[in-house]
Amino acid sequence: MLNIVVFVSGGGTNLQALIDSQRKEELGEAHITGVISSSPSAYALVRAEKAGIPTDVISPKQYENTEEFAEALSAQVERYRGDLIVLAGYLVVLPPSFVHAYRGRIINIHPSLIPAFCGKGCYGLRVHEAALARGVRLTGATVHIVDEGTDTGPILLQKAVEVYETDTPEVLQKRVMEQAEWKLLPEAVRLFAEGKGYIK
Ligand code: GRF
């Protein structure tokens with residue numbers, strides 16, 4: 001069994017997609033053992049609790065420095081016996097020492113076709129605003145391995161989504177979630193469960 005720990009900060013629709021896939025037995029030999037939120041008010045916590053998944057809130061604000069924050073995260077991941085960490089709408093930059101300790105075992109979902117519309121400051125609705133401003137006809141989502149940079153790690157999976165002339169950032173965001181993100185993230189977890197991920 002592959003133990004998944006999901007890191008969240010907000011609404012948690014990607015977490016919900018994982019929970020639903022697990023229920024439908026579509027995650028293969030993977031299951032979610034814990035959810036860690038950077039914010040106590042994240043609705044993702046409610047979703048986890050409703051599904052009976054243990055949760056914890058670990059915010060960088062609670063710690064003196066990034067090392068202490070990294071240690072708190074590692075300790076909780078170990079308590080959840082995590083094999084794979086899934087960043088699902090996680091808005092905190094992970095400490096380099098944490099990334100180093102879990103190299104190849106942290107994945108992230110980003111709502112664009114990387115390397116377009118990604119990097120520092122490009123998250124949430126801003127990604128879709130940038131895509132519309134540039135006039136792309138195709139956007140999508142990417143699941144990648146997390147390294148020390150922002151959205152720079154090896155790409156695992158991508159899915160394209162059409163952009164329409166009438167789109168607003170909100171409409172486009174919803175289409176990217178429905179057509180790409182909520183499918184891609186469970187698929188990526190399944191790949192790891194089948195031993196086809198990047199775990200060395
Ligand atoms: C998603 O678009 C995800 O790709 C991005 O932040 C958003 C989070 O949505 N990183 P949710 O919290 O999973 O609903």
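Residue indices begin at 1 and follow the sequence shown. Fair warning: this is a prediction, and the values are worked out from it, not measured in the lab. Counting convention: from 1, in listed order, for ligands and their atoms alike.
With distances taken over non-hydrogen atoms, the option nearest atom 10 (N) of ligand 1 out of Leu87, Val8, Ile109 is Ile109.
At least one N/O-N/O distance between Glu181 and ligand 1 falls below 3.5 Å. Note: an N/O pair closer than 3.5 Å links Thr13 and ligand 1 by distance alone.
Ranking protein heavy atoms by distance to atom 9 (O) of ligand 1, first place goes to Met177 CE, 3.5 Å. In terms of protein heavy atoms, atom 6 (O) of ligand 1 is closest to Gly89 CA, 3.7 Å.
Close to ligand 1: Pro111, with a non-hydrogen atom less than 4.0 angstrom away. Gly12 counts as a contact of ligand 1, since one of its heavy atoms falls under 4.0 Å from the ligand.
The residue Gln173 has no part lying near ligand 1, judged by heavy-atom distances below 4.0 Å.
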List the steps and the verdict of side-chain contact (heavy atoms from CB on, under 4.5 Å) for Thr139 and Val176.
CA-CA 8 Å; Thr139 185; Val176 169; 3.8 Å; yes
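The backbone N or O of Asn3 lies less than 3.5 Å from a partner atom in the side chain of Asp83, making a donor-acceptor pair.
Taking the side chain as every heavy atom from C-beta outward, Phe98 and Ile85 approach each other to under 4.5 Å.
Annotation: cation-pi pair Arg190/Phe192 absent, no NZ/CZ under 6.0 Å from the ring centroid and within 45° of its normal.
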